[in-house]
K.L.:
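Have a look at this one before I ask anything.
Bear in mind that the values here come from a model prediction, so they are computed numbers and not experimental data. By convention here, the first residue in the shown sequence is residue 1. Side chains included, hydrogens not; waters and symmetry mates left out as well; all remaining heavy atoms used.
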Amino acid sequence: MTKEDVEKIIDWEKSCLEKVEIPFKPARVILQDFTGLPVLVDFASMRDAMSKLGVDPARINPVVPADIVIDHSVTADVMRSTKAVQANMELEFERNKERFACLKWGSSAFQNMLIIPPGSGIVHQHMSMVLPGVVGFKLYGALRNGVTATDLVLTVTQMLRKHGVVGKFVEFYGRRMAELALPDRATIANMAPEYGATVGFFPVYNVTLEYLKMTGRTDEAVSIIEAYLRANRMFVDYNEPEIEQTYLSYLELDLRGAESCVSGPKRPHDQVPLKDMKTDWHACLDNKVGFKGYAVPKNLQDRVVKFHYHGQIAELKHGTVVIAAITSCTNTSNPTVMICSGLVAKKACELGLEVKPWIKTSLAPGSGVVTKYLLRR
């Protein structure tokens, strides 16, 4: 890191427009499943080459410590059974035997490499070597009753996709968003791949420090973190006067304007207010083939197809639900959204509603912690 590199960062408003590169030397590299396995194979190939050259192949190891986090790749073959999780995991390991064997070998063959097995959680990493522009997204107001973090994040995603934030950082700010819960902030930030940004983030505040303590950090460690962040003006205290920041471009949203909505039928940023869903769906049937169209002739839109399912006669038509899945770590790591889902399901059962037997249902908690708070409820 040179003086010139520091000056480029200080003058970021000009540098980011010129696509200036800066040195980025991580203390640790996090590799997700699909990126980690090819790296492991590359290391194995280099070791083969070293062996052919008569050199000790064990000299080939990551220079920077690397963690490979392995995702589950479970398919919901078995559903609505107390044995569903175990049965589906057994099928998963059978189908991925060769992949898992390679990863298990790598876990002991290399130094400076940690391989975290399936079931421990998932992780996503974004990394850019070009100095990015920073978009400021101001949030204010409070969500109305009945509007969830998922509704909010679909609204935010639609706005950011329209604005254009590919290759940029998005910072969410505004002292009047102090009441926005930490899990809701994480839900919004976690949708960065969907709205196209390199990363979306919120400033650290007192609840962040409480979260660090709750997840096992010592008081001493948290004090050091707070002191560092305050010294570098990266900590936000909503009781202090707000300092205006400079961004490449600006957006803002009154949280009171967010409403219950759905996404689709094909893309996460195709936001549809819940009250307009029926009208939108019928328009999709009529529209020409595309992101919002299927071009189904009028005389075929009410067509019903019958089939046999486990000895029962079932019917399908346009718009019939065939998969009901609660997945995505964006949703399943948010306690409020998960509890709301449970309450809706509970009320539905109490009212006598039932899921059709041919609908595939599944729930994939976003982490081990989510499973625990659902079990303890």
K.L.:
Would you say the side-chain atoms of Ser45 pair up with the backbone N or O of Val41, donor to acceptor, closer than 3.5 Å?
P.N.:
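Here the side-chain-to-backbone pair exists.
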
K.L.:
Look up atom CZ in Phe137 and atom OH in Tyr250, then write down how far apart they are to the nearest 0.5 Å.
P.N.:
14.5 Å

K.L.:
Checking the side chain of Lys306 only, and the main-chain atoms of Ile313 only, is there a donor and an acceptor separated by less than 3.5 Å?
P.N.:
no

K.L.:
Run the salt-bridge test on Glu226 and Arg230 with the 4.0 Å N-O cut-off and return the result as yes or no.
P.N.:
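Judged by the 4.0 Å cut-off on N to carboxylate O distance, Glu226 and Arg230 do form a salt bridge.
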
K.L.:
Between Phe100 and Phe93, does the ring centre distance come in under 6.0 Å?
P.N.:
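Centroid distance Phe100-Phe93: below 6.0 Å, so yes.
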
K.L.:
Under a 4.5 Å cut-off applied to non-hydrogen side-chain atoms, are Glu7 and Asp11 in contact?
P.N.:
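No, their side chains stay 4.5 Å or more apart.
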
K.L.:
Say you draw a straight line from NZ of Lys356 to CG of Leu316; how long is it, rounded to the nearest 0.5 Å?
P.N.:
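Here the interatomic distance stands at 11.0 Å.
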
K.L.:
Closest heavy-atom contact between Met177 and Phe172?
P.N.:
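Heavy-atom minimum between the residues: CE-O, 3.6 Å.
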
K.L.:
For Lys317 and Asp302, what are the C-alpha separation, side-chain angles and deciding distance, and is it a salt bridge (charged side-chain N to carboxylate O under 4.0 Å, His left out)?
P.N.:
CA-CA 7 Å; Lys317 59 183 180 179; Asp302 295 325; over 6 Å; no

K.L.:
With no hydrogens and no angle check, is any side-chain donor or acceptor of Arg256 less than 3.5 Å from a backbone partner on Arg144?
P.N.:
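It does not hold such a pair.
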
K.L.:
Is the closest basic N to carboxylate O distance between Glu92 and Arg95 below 4.0 Å?
P.N.:
no

K.L.:
When rounded to the nearest 0.5 angstrom, what distance separates CG in Asp184 from CD in Glu179?
P.N.:
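Output value for this atom pair is 12.0 Å.
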
K.L.:
Do Val166 and Val170 sit in one hydrophobic cluster, given that two such residues count as connected whenever their side-chain heavy atoms are within less than 4.5 Å of each other, even indirectly?
P.N.:
no

K.L.:
Closest approach of Val147 and Ser260, non-hydrogen atoms and distance?
P.N.:
CG2-N, 4.2 Å

K.L.:
Compare all side-chain heavy atoms of Thr148 with those of Thr336 and state whether any distance is below 4.5 angstrom.
P.N.:
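Of all side-chain heavy-atom pairs linking Thr336 with Thr148, none is under 4.5 Å.
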
K.L.:
Between Asp270 and Lys292, does at least one N-O distance fall below 4.0 Å, as a salt bridge requires?
P.N.:
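The answer is no: the pair does not qualify as a salt bridge.
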
K.L.:
Of the non-hydrogen atoms in Ile359 and Val321, which two are nearest, and what is the gap between them?
P.N.:
CG1-O, 3.3 Å

K.L.:
Should the pair Glu194-Arg161 be classified as a salt bridge under the 4.0 Å nitrogen-to-oxygen rule?
P.N.:
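Judged by the 4.0 Å cut-off on N to carboxylate O distance, Glu194 and Arg161 do not form a salt bridge.
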
K.L.:
Would you say Phe201 ends up clustered with Val153 if hydrophobic residues are merged whenever their side chains have heavy atoms under 4.5 Å apart, either directly or through other cluster members?
P.N.:
no

K.L.:
Nearest 0.5 angstrom please: Ile115 CD1 to Ile68 CD1, how far?
P.N.:
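It comes to 4.5 Å.
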
K.L.:
Show the nearest heavy-atom pair for residues Leu180 and Phe202, with the distance to one decimal.
P.N.:
CD2-CE2, 4.0 Å

K.L.:
What is the distance from atom NE2 of His163 to atom OG of Ser249, rounded to the nearest 0.5 Å?
P.N.:
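Between His163 NE2 and Ser249 OG, I get 3.0 Å after rounding to 0.5 Å.
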
K.L.:
Tell me if the centroids of the rings in Tyr205 and Tyr238 come within less than 6.0 Å of each other.
P.N.:
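Close enough - the centres of the two rings lie under 6.0 Å apart.
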
K.L.:
To check you understand the geometry: which heavy-atom pair defines the closest contact between Ala27 and Pro65, and what is its length?
P.N.:
O-CD, 3.5 Å

K.L.:
Answer with yes or no after comparing the ring centroid distance for Tyr247 and Tyr173 against a 6.0 Å cut-off, counting only values under it.
P.N.:
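So the answer is yes for these two rings.
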
K.L.:
Find out whether Lys213 and Glu210 are in side-chain contact, i.e. whether some heavy atom of one side chain is under 4.5 Å from a heavy atom of the other.
P.N.:
no

K.L.:
With the side chain counted from C-beta on, respond yes when Leu40 and Cys102 share a heavy-atom pair under 4.5 Å apart, and no when they do not.
P.N.:
yes

K.L.:
Does any non-hydrogen side-chain atom of Lys360 lie less than 4.5 Å from one of Val322?
P.N.:
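Sidechains of Lys360 and Val322: no contact.
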
K.L.:
Let me know which of Thr157, Asp151, Thr155 forms a side-chain hydrogen bond (donor to acceptor under 3.5 Å, both in side chains) with Gln271.
P.N.:
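Only match with Gln271 under side-chain hydrogen bond (donor to acceptor under 3.5 Å, both in side chains): Thr155.
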
K.L.:
Apply side chain to side chain donor-acceptor pair (under 3.5 Å) to Asp276 and Thr279, showing your working.
P.N.:
CA-CA 6 Å; Asp276 298 333; Thr279 302; 5.7 Å; no

K.L.:
Dump the intermediate steps for side chain to side chain donor-acceptor pair (under 3.5 Å) on Asn190 and Arg185, then the final yes or no.
P.N.:
CA-CA 9 Å; Asn190 199 42; Arg185 297 178 183 218; over 6 Å; no

K.L.:
Would you mind telling me which of Asn334, Val337, Leu152 makes a side chain to side chain contact (heavy atoms under 4.5 Å, CB included) with Thr187?
P.N.:
Asn334

K.L.:
How close do Pro273 and Cys261 get, heavy atom to heavy atom, and via which atoms?
P.N.:
CA-CB, 3.9 Å

K.L.:
Can you find a heavy atom in the side chain of Asn96 that is under 4.5 Å from one in the side chain of Arg99?
P.N.:
yes

K.L.:
Give a yes/no verdict on a cation-pi contact between Arg175 and Tyr140, requiring under 6.0 Å between NZ or CZ and the six-membered ring centre and an angle within 45° of the axis.
P.N.:
no

K.L.:
For the CG atom of Leu182 and the CE atom of Met214, what is their distance to the nearest 0.5 Å?
P.N.:
8.0 Å

K.L.:
Run Phe110 and Phe43 through ring-ring contact (aromatic ring centres under 6.0 Å, His included) and show every step you take.
P.N.:
CA-CA 9 Å; Phe110 295 97; Phe43 277 127; 5.6 Å; yes

K.L.:
When you measure from the side chain of Ser81 to the backbone N and O of Lys83, does any donor-acceptor pair fall under 3.5 Å?
P.N.:
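A pair under 3.5 Å: yes.
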
